[in-house]
Amino acid sequence: MEVPELRSLTLRPIGFIRTQKQVKFQALHQPMETQAERNVLELLPDNRHQVALQDLAGFSRVWLLWWFHRNSSWRPLVLPPRGPARRRGVFATRSPHRPNPLGLTPVQLIGVERRRLILGPCDLVDGTPVFDIKPYIPAFDSFPEARAGWLDEVEHGLELPPQFNVQFSPVAVMQAEWLLAHWQIDFRPRLIELLARDPTPHRSRRIRRRGDSRFIIGCGAWRVFFSVAETTVAVQSLDAAYPLRFLNNLALEDLPDRAAQLAFLDRFGVSPV
Ligand SMILES: C[S@@+](CC[C@H](N)C(=O)[O-])C[C@H]1O[C@@H](n2cnc3c(N)ncnc32)[C@H](O)[C@@H]1O
């Protein structure tokens, strides 16, 4: 006899989200509420979907229940992007690598247009299948006083002053200024924030060791070489994160900052790693 608890459930998407984020690292770990962003959830053509959206427009926020469809595996312990390099039980995190790959995001509802929901900032990549929409109800869904376990400890650590002093070499300054002037790209504030707190290797912060005291950190479509001596982080140079063979391969669509990376390599050459 079938054990009811072990029955499976087949979910079918009701629609797909359209966002500007093509690859996973472009999507933030949770939506950035301060950022002006417009995303569209397009429900599949089914007259019932349009009817099902009736009465939703009065809510300023909705929950999206969605599929981490770009992942195919899960791990019981994961390394969260926040805090020290320490693994946590996946159920104590919002990791996308879960036994049932379901994502849950409360997003601003800007408007309802027939079968389309116009949404604010979200952390879903373009094309993510969405299974369900529910209204966000502050009286039921908000508990500002609730404890947040290890995340509270991390927050507490962030209140302490940064432990490291980050210095840019003249080459790194020139490259960063060039990126800003020609491509309006500037990841220095985020880079400094990360390295000043903790420059040690960390997979989700994309920090790797290259030698005894030399490291590399990924920043979006870019990477940065740095070294650490006691409490000083010396940023040596910047580089395009994608190799030329990828950037020149037009079959690979949607590489982020592709034109800027090509121009950067043309201007500064390929880094000898
Ligand atoms: C940390 S998860 C949190 C998602 C959701 N707010 C939650 O708490 O369940 C957000 C990350 O999921 C990743 N992601 C977004 N869409 C995805 C998809 N369709 N498949 C796999 N990973 C995805 C992005 O890297 C994004 O930074």
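Read the numbers this way: they start at 1 and go in the same order the structure lists the ligands and their atoms.
Of all the atoms in ligand 1, the ones that sit under 4.0 Å from a non-hydrogen atom of Leu124 are 15 (C), 16 (N). Ligand 1 places these atoms under 4.0 Å from at least one heavy atom of Thr105: 5 (C), 6 (N). Of all atoms in ligand 1, listed by their number and element, those nearer than 4.0 Å to a heavy atom of Asn71 are 21 (C), 22 (N). Near Thr128, meaning under 4.0 Å from one of its heavy atoms, ligand 1 places the atoms 16 (N), 18 (C), 19 (N).
The residues Arg205 and Asp198 are annotated as salt-bridged, a charged nitrogen and a carboxylate oxygen being separated by less than 4.0 angstrom.
Where the criterion is an N or O separation shorter than 3.5 Å, residue side chain and backbone included, Arg94 meets it with respect to ligand 1. Residue Gly103 has no nitrogen or oxygen atom sitting less than 3.5 Å from a nitrogen or oxygen atom of ligand 1, judged on distance alone. For ligand 1, one of its N or O atoms has an N or O atom of His69 under 3.5 Å away. Considering backbone and side-chain N/O atoms, Val125 comes within less than 3.5 Å of an N/O atom of ligand 1.
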Discussion item. As a quick check of understanding, evaluate salt bridge (charged side-chain N to carboxylate O under 4.0 Å, His left out) for Asp152 and Arg147, giving each step before the final call.
Written reply: CA-CA 7 Å; Asp152 282 342; Arg147 283 184 293 119; over 6 Å; no
Worksheet entry | Residue pair Ile118, Glu113: steps toward the side-chain contact (heavy atoms from CB on, under 4.5 Å) verdict | CA-CA 8 Å; Ile118 314 301; Glu113 298 173 356; 3.8 Å; yes
Fill in: Stepwise salt bridge (charged side-chain N to carboxylate O under 4.0 Å, His left out) check, Arg114 with Glu42
CA-CA 9 Å; Arg114 290 168 47 78; Glu42 289 177 359; over 6 Å; no
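Checked by atom type and distance alone, the side chain of His97 never pairs as donor or acceptor with a backbone atom of Arg75 at under 3.5 Å. For the pair Arg38 (side chain) and Pro121 (backbone), a donor-acceptor distance under 3.5 Å is absent.
Close placement of the Trp178 and Phe268 rings is indicated, their centers lying within 6.0 Å of each other.
Heavy atoms of Trp67 found under 4.0 angstrom from ligand 1 belong exclusively to the backbone.
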